Amino acid sequence: MRIAFLTAPEGVEEIELTEPWKAVLAAGWNPQLVSTKPGRVQAFRHLDKAGTHPVDHVLAGDTADGFDALVLPGGVANPDALRMNARAVGFTRSFFDAGKPVAAICHAPWTLVEADVLRGRTLTSWPSLATDIRNAGGTWVDEEVHICRAGPSALITSRKPGDLDAFCAAFVTEFGG
């Protein structure tokens, strides 16, 4: 399976990229770092610069074609930048349109809000996104991990880095199912 990890060129929370990436590799799948610009993605540990990671695929009007699932890591700046990029929003929406599973953690649901894919969905996130999710037609819950199947594709969400073990286990199960 080929799994897209969508991030902005800067601002992704490093552990929310690297731990799910390791889970995808451990499942025997092929993770692909997708971004809006070529080169390397600058990750962060909260507000401090962390490592950089090579971009495998640059968005250029892409759709979910060629990918089996999508992982959206968080970080405050990462989804805030993605939601302002029409290609990133369209790419995200295309997974829902195609009925392919999507996993999002922490602040990543901001991209889902912008993609207008949350109506009738239940999900979790970093608590400060609760109002945005409700305003987008979703139901926000405070849970370690939540799996929503109320749509054409499974949506797996978690709140924060402390939930990564449960998040990774849940999305690996859903993606493999």
Side-chain angles (χ1 to χ4, degrees), residues 2-25 31-64 67 69-96 101-118 123-133 135-136 138 140 142 144-146 155-168 170-171:
R2 196 163 178 242
I3 312 299
F5 281 73
L6 178 62
T7 72
E10 183 173 60
V12 66
E13 184 70 29
E14 187 163 55
I15 196 166
E16 293 174 4
L17 170 63
T18 58
E19 290 304 304
W21 190 277
K22 290 176 194 173
V24 165
L25 288 172
Q32 295 286 299
L33 186 56
V34 178
S35 191
T36 57
K37 292 182 181 175
R40 298 183 74 82
V41 166
Q42 175 65 63
F44 281 74
R45 282 188 199 99
H46 192 52
L47 299 175
D48 298 321
K49 282 187 177 181
T52 63
H53 304 272
V55 172
D56 297 308
H57 185 84
V58 178
L59 287 179
D62 296 74
T63 67
F67 296 101
L70 173 64
V71 175
L72 295 169
V76 177
N78 175 51
D80 192 50
L82 289 175
R83 70 190 304 197
M84 298 302 294
N85 184 292
R87 290 174 305 178
V89 171
F91 182 70
T92 300
R93 186 181 310 111
S94 74
F95 281 83
F96 289 85
V102 175
I105 188 167
C106 202
H107 287 79
W110 266 340
T111 307
L112 303 176
V113 166
E114 198 66 33
D116 194 25
V117 295
L118 297 182
L123 64 152
T124 193
S125 68
W126 187 254
S128 65
L129 277 66
T131 299
D132 296 326
I133 289 167
N135 288 342
W140 186 85
D142 185 9
E144 182 180 46
V145 66
H146 188 85
L155 175 59
I156 305 95
T157 53
S158 282
R159 302 169 298 190
K160 58 188 176 185
D163 298 338
L164 276 164
D165 288 343
F167 177 66
C168 291
F171 83 69

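Everything numeric in this text was worked out from a predicted model, so none of it was measured.
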Completion exercise
Nearest heavy-atom approach of Pro20 to Leu17 is CD-O, 3.6 Å

Exercise for the section: First locate atom CD1 of Ile15, then atom NZ of Lys22, and finally report the distance between them rounded to the nearest 0.5 Å. Expected result: 7.5 Å

Problem - Gap between atom CZ of Arg83 and atom CG of Asp132 - 0.5 Å precision - result: 6.0 Å

Fill in the blank from the handout: In this structure, NE2 of His57 is separated from CZ of Phe67 (nearest 0.5 Å) by 4.5 Å

Problem - With sequence neighbours excluded, residues passing side-chain contact (heavy atoms from CB on, under 4.5 Å) with Pro31 - result: Phe5, Trp21, Val24, Leu25

Practice task
Over all heavy atoms of both residues, which pair between Ala170 and Ile156 is shortest? Give the atoms and the distance, please.
Solution key: CB-CG2, 3.9 Å

Problem - Any Leu6 side-chain heavy atom under 4.5 Å of Leu59 side chain - result: yes

Handout entry: Non-hydrogen side-chain atoms of Phe44 and Glu10 separated by less than 4.5 Å
Key = yes

Exercise for the section: Please answer whether the main-chain N or O of Gly51 pairs with a side-chain N or O of Glu14 as donor and acceptor at a distance below 3.5 Å. Expected result: yes

Problem - Point-to-point distance, once rounded to the nearest 0.5 Å, from CG of Asp116 to CZ of Phe96 - result: 11.0 Å

Problem - Side-chain donor or acceptor of Thr157 paired with backbone N/O of Thr124 under 3.5 Å - result: yes

Exercise for the section: Say whether, by atom type as modelled, one donor and one acceptor occur between the side chain of Thr7 and the main chain of Ser35 under 3.5 angstrom. Expected result: no

Practice task
Return yes if some donor-acceptor pair links the side-chain N/O of Asn78 with the main-chain N/O of Pro73 below 3.5 Å, else return no.
Solution key: yes

Handout entry: Salt-bridge criterion met for Asp62 and Arg87 (N-O under 4.0 Å)
Key = no

Exercise for the section: Without swapping roles, check the side chain of Glu16 against the backbone of Gly74 for a donor-acceptor pair under 3.5 Å. Expected result: yes

Practice task
Kindly compute the distance separating CG (Leu72) from CG (Leu112), expressed to the nearest 0.5 Å.
Solution key: 5.5 Å

Completion exercise
Ala77 and Gly11 have their tightest heavy-atom pair at CB-CA, 4.0 Å

Practice task
Give the minimum heavy-atom separation between Ala115 and Val89, together with the two atoms involved.
Solution key: CA-CG1, 3.6 Å

Handout entry: Heavy-atom pair with the smallest gap, counting every atom of Pro109 and Leu118
Key = O-CD1, 4.4 Å

Practice task
Any chance you could measure Trp140, atom CH2, to Arg159, atom CZ, to the nearest 0.5 Å?
Solution key: 8.0 Å

Problem - Other residues, nucleotides, ligands: >12 heavy atoms within 6.0 Å of Asp165 CG - result: no

Practice task
Could you check Glu13 against His107 for side chain to side chain donor-acceptor pair (under 3.5 Å), going step by step and ending with a plain yes or no?
Solution key: CA-CA 10 Å; Glu13 184 70 29; His107 287 79; over 6 Å; no

Problem - Pairwise side-chain contact, Leu82 with Glu114, heavy-atom cut-off 4.5 Å (strictly under) - result: no

Completion exercise
Minimal heavy-atom distance between Gly75 and Pro79, with the atoms involved, is O-CD, 2.6 Å

Problem - Main-chain N/O of Ala64 paired with Ser94 side-chain donor or acceptor, under 3.5 Å - result: yes

Practice task
Answer whether the closest heavy-atom distance between the side chains of Phe91 and Leu70 falls below 4.5 Å.
Solution key: yes

